[in-house]
Amino acid sequence: MNPFDYRRAEDADSAVAAVAGRPAAAFLGGGTNLVDHMKLGIANPELLVDVTRLPLGGVEPLEDGGVRVGAGVRNSDLAADPLIRERYPVLSQALLSGASGQLRNLATTGGNLLQRTRCVYFQDVTTPCNKREPGSGCSAIGGWNRYHAVLGASDQCVAVHPSDMAVALCALDAVVRVQGPGGHRGIPLVDFHRLPGEEPDRDTVLEHGELITSIDLPELPMAARSKYRKVRDRASYAFALVSVAAALDVAGGRVREARIAFGGLAHKPWRATRAEEALRGEPATARAFGAAADAELADARPLPGNGFKVPMARSALVSTLTELAGEDA
Amino acid sequence: MEAEITLDVDGERHRITADTRTTVLDALRDHLGITSAKKGCDHGQCGACTVLADGRRVTTCLSLAVASQDVHFTTAQGLARDGGHPVQQAFLDHDAFQCGYCTPGQVCSAVGVLDEFGRGWPSAVTPDVRAEPELDDEEIRERMSGNLCRCGAYTGIVAAIGEVGGNR
Ligand SMILES: Cc1cc2nc3c(=O)[nH]c(=O)nc-3n(C[C@H](O)[C@H](O)[C@H](O)COP(=O)(O)OP(=O)(O)OC[C@H]3O[C@@H](n4cnc5c(N)ncnc54)[C@H](O)[C@@H]3O)c2cc1C
Ligand code: SF4
Ligand code: FES
Ligand code: FES
């Protein structure tokens with residue numbers, strides 16, 4: 001680990017100014033991803049600006065019927081929050097399926113959104129990786145790619161985004177609120193993470209120095225009937241091979257509306273708009289759910305090591321929607 | 001770069017001068033001589049370094065000491081004072097350890113798990129996150145899954161936690 005300066009931020013303005021003013025400065029949340037990367041030599045900040053004491057806590061109902069989640073709220077507190085459990089169970093479940101109880105007590109919502117890929121080559125500084133070192137090549141293409149992307153990848157990078165929480169937020173149409181040197185802005189979660197394209201080193205649309213202050217959830221009554229399903233190599237404490245976040249609104253046996261996002265398939269949480277469209281007005285049956293999955297996955301381009309993800313994502317979606325359709329609203 | 005760091009551990013305040021790179025785990029072991037917290041993986045993957053921070057269980061290998069001032073830490077050593085914690089007695093009664101390397105982390109994690117149950121927190125295996133979870137073996141296993149051990153004393157550990165939680 002390289003030496004670094006540490007500063008505890010007094011307020012958001014000075015935190016933003018401190019990081020924006022220095023290219024090699026970084027915000028410090030729970031540290032469960034950043035400190036790991038500093039140990040591995042992937043991240044080498046010269047200044048850490050600790051934002052965990054800023055007043056960015058709290059889960060508050062908004063006047064428009066939504067809910068605001070502070071960027072400093074710990075993952076365990078968010079998962080256990082009564083408002084979240086009642087209104088957005090899919091978010092609670094997604095959080096609870098991630099990491100371990102000890103880590104969730106440290107991890108923050110802001111840090112969780114910005115955690116970086118678990119691609120083994122990205123984490124191993126002795127191997128080429130375009131995300132870690134632009135232009136060096138991609139070791140996963142033609143290497144071990146069991147965990148990698150089947151949708152939206154480029155010939156530069158085939159990594160997937162690892163966050164479970166972000167997949168639920170993507171289905172829920174959350175908005176990420178940020179404060180930067182130039183002021184405040186809101187970024188819809190679906191546009192927050194990037195596909196790799198020609199710049200795989202950029203995970204999100206955030207600019208250097210922009211501080212996440214909150215994540216806003218819109219009012220979404222149908223989310224009371226929602227679920228997160230995570231498929232992985234062991235029963236617990238492992239990253240997803242494939243995951244599904246879904247909310248379903250059924251009336252008279254027909255789908256009125258569906259909200260669906262996949263994890264483990266792409267460089268970003270994958271909002272399944274085609275599947276949502278295919279379902280609207282259809283009978284709430286396994287056959288219709290399967291057809292919707294097929295519509296979404298038609299463009300899948302699996303790698304030699306991860307062809308299983310396509311049928312796995314299909315079954316995960318069908319079973320999740322089938323369970324939701326069977327629930328009383 | 002050196003920093004003056006105040007750490008509050010097991011009810012005692014310590015002042016140390018340490019590099020900003022020092023993790024809480026290394027500060028406990030190398031600066032304060034508190035060796036109950038163990039270093040397994042050093043990357044958040046095994047749970048051996050678990051202690052209680054303001055009463056909540058956390059791993060300490062990815063937390064920087066300089067960022068953890070004014071946190072009250074309790075280690076397994078601290079829990080052992082005054083005759084020990086009921087979880088520690090239950091681990092003895094159920095033979096819930098083998099070589100013992102992972103035990104301090106398991107004990108701290110178990111204390112945290114029981115507190116989380118007490119507050120009605122759900123887990124990934126709770127059938128309905130809106131409802132209160134029940135302290136059954138499946139719930140205990142899921143909640144303890146952040147603590148990995150190659151000896152594998154898991155059966156005794158599940159029994160010990162169930163007993164203290166009033167499960168049997
Ligand atoms: C063993 C292990 C298993 C895990 N398993 C899972 C899993 O199954 N599913 C899952 O989703 N996650 C998993 N995780 C990842 C974990 O969820 C993340 O490490 C955690 O959410 C990151 O949050 P943090 O607050 O610790 O972030 P940090 O490590 O503090 O920061 C991460 C990044 O975010 C930036 N940052 C932090 N806060 C802000 C802010 N407010 N504004 C702008 N930038 C900010 C930092 O500069 C850094 O770049 C696992 C982690 C470990 C170690
Ligand atoms: S998939 Fe992306 S992160 Fe992994 S080695 Fe290739 S470029 Fe790097
Ligand atoms: S040493 Fe901290 S989790 Fe393994
Ligand atoms: S008790 Fe022996 S390795 Fe865990």
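A note on names: the letters A, B, ... follow the listed sequences, proteins ahead of strands, and every chain is numbered from 1. Hydrogens, waters and symmetry mates play no part in the numbers below; they use all other heavy atoms, side chains included.
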Have A/Ser76 and B/Arg56 got a donor and an acceptor in their side chains that come within less than 3.5 Å?
yes
What I want to find out is whether B/Asp70 reaches A/Arg53 closely enough, with some N-O distance under 4.0 Å, to be called a salt bridge.
yes
Please check: side-chain N/O of B/Arg130 versus main-chain N/O of A/Pro89, any donor-acceptor pairing under 3.5 Å?
no
Quick one: what part of B/Gln69 sits under 4.5 Å from any heavy atom of chain A, side chain, backbone, both or neither?
both
Top residue by heavy-atom pair count (under 4.5 Å) with chain B, among A/Val35, A/Asn105, A/Leu95?
A/Asn105
Contacting moiety of B/Cys61, where chain A heavy atoms sit under 4.5 Å
both
Looking only at heavy atoms, which two atoms of A/Lys39 and B/His43 are closest? And how far apart?
CB-CE1, 3.9 Å
With a 3.5 Å cut-off and no angle check, do the side chains of A/Gln102 and B/Thr59 form a donor-acceptor pair?
no
Checking B/Ala3 against chain A: side chain, backbone, both or neither under 4.5 Å from a heavy atom?
neither
Under a 4.5 Å heavy-atom cutoff, which of A/Asp77, A/Leu28, A/Asp50, A/Leu34 has the most pairs with chain B?
A/Asp77
Which answer fits A/Ala107, side chain, backbone, both or neither, if we ask what part of it has an atom under 4.5 Å from a heavy atom of chain B?
neither
Could you look at B/Ser123 and say if it's the side chain, the backbone, both or neither that has a heavy atom under 4.5 Å from chain A?
backbone
